[in-house]
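Single-structure report; data block below.
Only a predicted model underlies this, so the values are computations on that prediction, with no experimental measurement involved. These values consider heavy atoms only, across backbone and side chains, with no hydrogens, waters or symmetry-generated copies.
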Amino acid sequence: MSGPIGLHGGGECLSGDEPFLASLLAAARPAVTERLGTCLPGTSSDPGRLRVAIVPTAAARQDAGRAAATCGTAIERTAARAGVEAWISTVPIVDIASAASPTLAAVLAGADVVYLPGGDPDLIPTLFAGSAAWRAILAAHARGAVVAGASAGAMALGGWTWTPAGGQPGLGLVPGLVVAPHLDPRRPESVASRVAVAVPPDAALRGIVGLAERTGLIGERQPGGERRWRVHGEGLARWEGRDGTVLEGRDGDVLALPI
């Protein structure tokens, strides 16, 4: 099975982001059951505990340790409030060598939640493409683990991303999508114009999703194979399809996205 996907608009792990984090943890519970059934390495040391891997790659040029610590503290606090036993680890993939590390890849393969905080949008797609780290994340996701990104982390999961230097292919976990974080609720219609210049006309793009800070979408696979995308958090989520379709939602709303 393919696990849930989380896309977050930024301001991650700060005060007010608890609803989204709690929803991520809840979405990951089936992955724990599946992992225990497959007897992955290290399972016996933490039976039933939810494994969260924080991967601060996008913050490698700033302070990756601080980004990981901020999210680790927030997730630990949210888990405690929800009565969830969680084992949280930092997976410091910050360059090509660490992206190729078998040791770090093994941690990612055994995770129930892989969380990619924000930073510089070019780093994750550049360092992860074709790497042992990305193969491990895909293996975890195929088992049912949640893969979630915030801001630059969410941008990297789409089919195309955009950087100050221009656009580049994303990792394609959600093909056909461009993520625009930090949506300004006063001018939500500005999302498409802000990123369209970085997307080639011939890109296989279905649409752009704009996400306000402390707001995200979690897409869970349904029996028919499609994903149901639900909004979690305090702000607005806005979809602008290449066909002209516009969808908006707030906390609890389900958006019928064609992705």
Side-chain angles (χ1 to χ4, degrees), residues 4-29 49-92 94 111-121 123-124 145-157 179-188 190-191 194 209-220 229-238 248-255:
I5 297 172
L7 305 171
H8 187 276
E12 65 274 18
C13 304
L14 301 179
S15 178
D17 198 33
E18 293 83 2
F20 180 81
L21 294 176
S23 298
L24 276 187
L25 298 179
R29 292 308 301 175
R49 284 202 293 174
L50 193 151
R51 294 181 176 183
V52 180
I54 300 172
V55 192
T57 306
R61 295 190 184 109
Q62 291 85 42
D63 191 339
R66 181 177 180 181
T70 297
C71 280
T73 299
I75 292 172
E76 183 176 35
R77 183 174 60 248
T78 302
R81 289 176 179 173
V84 175
E85 290 189 84
W87 181 68
I88 301 168
S89 61
T90 297
V91 185
V94 295
D112 304 310
V113 178
V114 176
Y115 193 83
L116 302 161
D120 292 320
L123 285 174
I124 294 175
V146 177
V147 177
S151 190
M155 294 165 69
L157 299 180
V179 178
H182 310 289
L183 173 70
D184 184 350
R186 297 167 299 182
R187 296 187 301 115
S190 68
V191 168
R194 182 156 53 104
V209 64
L211 298 168
E213 293 189 354
R214 294 176 294 282
T215 306
L217 289 166
I218 298 178
E220 299 191 60
W229 294 91
R230 188 180 295 276
V231 184
H232 299 272
E234 64 182 41
L236 177 70
R238 177 184 172 93
E248 292 187 348
R250 293 185 178 273
D251 188 47
D253 291 341
V254 174
L255 299 184

Can you find a heavy atom in the side chain of [X] that is under 4.5 Å from one in the side chain of [Y]?
X    : Y    : result
S151 : H182 : yes
I75  : I54  : yes
L217 : V231 : yes

Has [X] got a side-chain atom pairing as donor or acceptor with [Y]'s backbone, closer than 3.5 angstrom?
X    : Y    : value
D251 : G233 : yes
E12  : G118 : yes
R230 : G252 : yes

Is the number of heavy atoms from other residues, nucleotides or ligands within 6.0 Å of CZ (R66) greater than 12? no

A quick test of your reading: do over 12 heavy atoms of other residues, nucleotides or ligands sit less than 6.0 Å from CD of E220? yes

Gap between atom [atom2] of [Y] and atom [atom1] of [X] - 0.5 Å precision:
X    : Y    : atom1 : atom2 : answer
I124 : L116 : CD1   : CG    : 4.5 Å
L183 : E213 : CG    : CD    : 10.0 Å
L50  : W87  : CG    : CH2   : 11.5 Å
E248 : R238 : CD    : CZ    : 4.5 Å

Cut-off 3.5 Å, no hydrogens considered: what does the side-chain donor-acceptor table look like for residues 17-25, sequence neighbours left out?
residue	atom	partner	partner atom	Å
D17	OD1	H8	NE2	2.7
D17	OD2	H8	NE2	3.4
D17	OD2	C13	N	2.8
E18	OE1	G16	N	3.0
S23	OG	P19	O	2.9
S23	OG	H232	ND1	2.9

